[in-house]
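Below is one structure; the comments refer to it alone.
Each chain gets a letter, A, B and so on, in the order the sequences are listed, and its residues count up from 1. If you're wondering where the values come from, they're calculated on a predicted model, not measured in any experiment.
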Protein chains: 2
Amino acid sequence: MSDRLPPLTALRAFEAAARHLSFQNAADELAVTPAALSYQIKNLEAHLGAPLFTRLNRAVALTEAGKTLLPGTSDGFEQLRAAWRATQRLTDDTKLTITAGPAFTAKWLAPRMFRFAQANPDIEMRFAATLKVMDFTRDDVDVAIRFGLGGDEGYYSEPLLRGWLTPMMTPTLAEGVKTAEDLAKLPLIHDDSMTFLKRVPNWGEWFAAAGLPDVDTSHGLRFSQADHAVDAALEGAGVVLGRLSVTERYLGNGRLVAPFALSLTTPAHYRFVCPAGTETRPAVKRFHDWIYGEMAEIDHFAEGRDIRMIE
Amino acid sequence: MSDRLPPLTALRAFEAAARHLSFQNAADELAVTPAALSYQIKNLEAHLGAPLFTRLNRAVALTEAGKTLLPGTSDGFEQLRAAWRATQRLTDDTKLTITAGPAFTAKWLAPRMFRFAQANPDIEMRFAATLKVMDFTRDDVDVAIRFGLGGDEGYYSEPLLRGWLTPMMTPTLAEGVKTAEDLAKLPLIHDDSMTFLKRVPNWGEWFAAAGLPDVDTSHGLRFSQADHAVDAALEGAGVVLGRLSVTERYLGNGRLVAPFALSLTTPAHYRFVCPAGTETRPAVKRFHDWIYGEMAEIDHFAEGRDIRMIE
DNA sequence: ATGGTCGCTTAAATATACCTTAAGTGAACC
DNA sequence: GGTTCACTTAAGGTATATTTAAGCGACCAT
C-alpha cells in the first residue's frame, strides 16, 4: 500500500461531492459537467480499491471509507486555500486589513482613517476591532495594532507610542479638584479591559503612586472596554484613569482635562505588528509611515508629565 | 483576485521544492524531471503574479511570498496524506494497530497475543503502549483499549470487563495475614498511575471500605505504572491493591493470592474503542471477538467477591 | 400504471495539462 | 579556461481530465 497521495483532482472532486452529497451540485461548484465528477470519483475509488459512495435511488451517501476521508480532505483543502489566499494578499496592494482593540479602533483609528483613505484612495481598508488574538494567515489580516512587549519570533513588531494613564475628567468636574484627596471623593470610573497584564495600571496604583495607598478605590462605575469608560467620563459621570491613545482628541479639544502631572506607564506598549518581511509591502509601508506620522503629533501631550513605570 | 485554488500539481511541486530548496531533489521526490518542476513553479508564479523563489547562482531561495505559502501548503498536504492513509487502512485487513496502556499491554495483551497471531497469521499486529490520548486518524491506530466511561460521540465503545481491585501478595507473605489489620503492617505497594480519576481506588479507599478509615497508608513503595507495582508484589516486596486485568495470570498460576473477598470497582471500565462504523471491519471484528472470548475466561475470578463501587 | 424527469453512469471524442527530451544559460569550482 | 552543476526554455508527445451524447433506473405526478 503506497502512502503517496491519489490524484489531487480526484480528491478535490471527492471533497466537493461528499460535502454536497450530490455529484450535480459538486460539478456546478467545480464548474465541470456531472460526467467529469462521476469519472473522477470512480477513479479515486479504483485507487482506493473500495467504494466511497453508496449509490442510492437518486442520491448518493458516504460509505465508512468516505466518512473517514471527508473531514481530513476538507480541512486539508481549506488549509491550502488559506495559505494561497494569504500569499495572494502579499502581492495585492489594493486591500489592507487592520486589527486593533475596540477602544483604539473607536477613539484613535476611526476618527483619523478618512485622512489616510483620502491620501491613499487606491487602498481599500478593512478593520477587525477585537481583542482576540488573530492569526495573520488564517484570519486574513495584514497589520495588527496590539498592546504587548513584542519580541515574538517571526513578526515585525515596533513600539507605536509610549503611552501613559492619568486622571481625566470634564473641565466642569475638574473645577473642584485641587488635590488627589479631592479626586477620591468623585465617582471613579474603572476600565477592566487590561486583564492580561500582571500589574494593571488602575486607580489603586495611581493613588499609591500619589502617596495615598489607603484610599478606597472600590466605588464607582466599571466598564469592560476602555472606550466606554472614556465615554462615561465625557458625560461627566466621573473621573477616569485615561490612556493617552484613546483620549488625546478630547484633551486636544478641551472636552477632557488632565490636571495632575502624575501618570502611570507600563513596560508593554501599543505596537505595530505584521508578519516578518511584510513590513516592506507598499500598502503596509504606507500605512506604517502614516500611523507613525500621526503618532508624532500627539507626543507633546507628554510634556511636563511625571510618568512612573509600574511593573 | 479569485479565492480558488491554483493548479494542485503546481502547488504540490512548490511544496516539495520549497521543502528541499532544490528543484532537482524535489523532482526526484515526485519522480519527474527537473524541467517539469521548473515548468510547474513558473506556472504557479504566473497564477500568483509574483515570484515564489529567488533564483541564485546554483540554488534557489524562498521569497516572502514563498515563505508565506510554504507552511500552509505543507500542513495541508500532510493532512490530505493522513486522511488518505486512514482511509486506505479501512480497506486493509492485513494490518491492525492496537493501543493500550503499558500495564494492560505488558500483563494482559502481550502474554496472549501469540494465540491471536497463530489463529490469524494473515493479520500483522502492531502495538502502541502508551497512556497518551491517541487520534485514530492522525496516529494510524485501528483499535484502542482504554479505561473510561465511554459515550464519546463518533466512537464505537464497548465495556471489556468489569474489573476490580483487591489486596494481592505472594502466598508466602499471605501466611501471616488473617485480618485487614495484619495487612496494614506489611509494606504497601502503591500504584500512582490512575491520576485521571476523581476518586482513585487506592489503599485509603480499601481500608475505609474494610471499616478501618484511620489506617495510615502513607508508607510503602510507590510506582507510576501498574505493571511495575505488580512486579514488585511478585518479588514479595509487599502487598499491592491489584487490578484483575493485570494480575489474573498470577492468580491463575498461584504466584499471587487474594485472600480478602472485599474488592473495589469504579464506574469506569476498560473498554474496546474504535471509530464508529469500523467495528465491522473484518480484522477489527476478529480481534474484537477474540479479546471478548479471552475476557470471558477470567470472569470466574469474580466469584465469591464482595465488590464495592467507589465514585 | 405509465410517461416524464431527475441524477448518476458509460463510452467515445476531444481538449488540456503535464511530462520528457534536448539544447541552452550562467555562475562556481578546479 | 574548461567542466560541472542547477535551473531554464522550447518543442513534441503522452497521459489526464473534460465534454458530449446516449442510457439507465427510480421517483413522482397525472
Side-chain angles (χ1 to χ4, degrees), chain A residues 2 4-63 65-67 69-70 73 77 80 84, chain B residues 2 4-63 65-67 69-70 73 77 80 84:
Chain A
S2 93
R4 297 190 80 77
L5 281 166
L8 291 169
T9 39
L11 249 196
R12 185 176 36 181
F14 164 79
E15 195 273 334
R19 194 153 28 77
H20 289 115
L21 284 179
S22 154
F23 289 13
Q24 189 86 277
N25 298 352
D28 290 347
E29 177 181 315
L30 299 175
V32 296
T33 57
L37 233 111
S38 179
Y39 170 87
Q40 291 294 349
I41 301 294
K42 212 175 106 184
N43 182 231
L44 192 62
E45 291 178 328
H47 266 266
L48 181 63
L52 289 161
F53 292 94
T54 49
R55 275 69 171 177
L56 301 172
N57 322 339
R58 49 205 297 183
V60 289
L62 286 167
T63 61
K67 283 183 201 160
L69 186 55
L70 175 60
T73 44
F77 282 118
L80 294 180
W84 184 246
Chain B
S2 91
R4 298 191 79 77
L5 281 166
L8 291 169
T9 40
L11 249 196
R12 185 176 37 181
F14 163 79
E15 195 272 334
R19 193 154 28 79
H20 288 117
L21 285 178
S22 155
F23 289 12
Q24 189 85 278
N25 297 352
D28 289 347
E29 176 181 315
L30 298 175
V32 295
T33 56
L37 234 110
S38 180
Y39 168 86
Q40 291 294 349
I41 301 294
K42 210 176 108 187
N43 181 230
L44 193 63
E45 289 177 328
H47 267 265
L48 181 63
L52 289 161
F53 292 95
T54 50
R55 275 69 170 179
L56 303 172
N57 321 341
R58 48 208 296 181
V60 289
L62 286 168
T63 62
K67 282 184 202 159
L69 186 55
L70 175 59
T73 44
F77 282 118
L80 293 181
W84 184 246

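- Rounded to a whole Å, the CG atom of B/D28 is 10 Å from the P atom of D/dC7.
- By the 4.5 Å heavy-atom criterion applied to side chains, B/F14 and B/N43 are not counted as neighbours.
- Considering only the side chain of A/Y39, D/dT18 comes nearest among D/dT9, C/dC8, D/dT18.
- By the 30° and 60° cut-offs, the orientation of the rings of A/F53 relative to A/F23 is perpendicular.
- Spacing between atom CG of A/L11 and atom C1' of D/dT16 amounts to 15 Å, rounded to whole angstrom units.
- Between the CD1 atom of A/I41 and the P atom of D/dA17 there is a distance of 12 Å, given to the nearest Å.
- Between A/T33 and D/dT19 there is a side-chain polar atom (N or O) within less than 4.0 angstrom of OP1 or OP2.
- The CG atom of B/L8 sits 19 Å away from the P atom of C/dT16 (whole-angstrom rounding).
- Rounded to whole Å, atom C1' of D/dC5 lies 15 Å from atom CZ of B/F23.
- Comparing C/dT20, C/dC8, D/dT19 against the side chain of B/A35 picks out C/dT20 as the nearest.
- Within the model, atoms OG1 of A/T63 and CD of A/E45 stand 7.5 Å from one another, a figure rounded to the nearest 0.5 Å.
- The closest side-chain heavy-atom distance from A/L48 to B/W84 is below 4.5 Å.
- In this entry the distance linking CG of A/L52 with P of C/dC8 reads 15 Å, nearest Å.
- Per the geometry, CZ belonging to B/R12 stands 16 Å off P belonging to C/dA17, to the nearest Å.
- Distance CG (A/L37) to C1' (C/dT9): 12 Å, rounded to an integer number of Å.
- Between B/R55 and the phosphate of D/dT8, there is a side-chain N or O to OP1/OP2 separation shorter than 4.0 Å.
- The listed nucleotides are C/dA22, D/dT18, C/dA11; the one nearest the side chain of A/Q40 is D/dT18.
- Between A/S38 and the phosphate of C/dC8, there is no side-chain N or O to OP1/OP2 separation shorter than 4.0 Å.
- One finds a side-chain N or O of B/K42 lying less than 4.0 angstrom from the OP1 or OP2 phosphate oxygen of D/dT9.
- Dashed line: the shortest gap from a side-chain N or O of B/Q24 to OP1 or OP2 of D/dC5 is not under 4.0 Å.
- Between A/V60 and A/I41 there is no side-chain heavy-atom pair separated by less than 4.5 Å.
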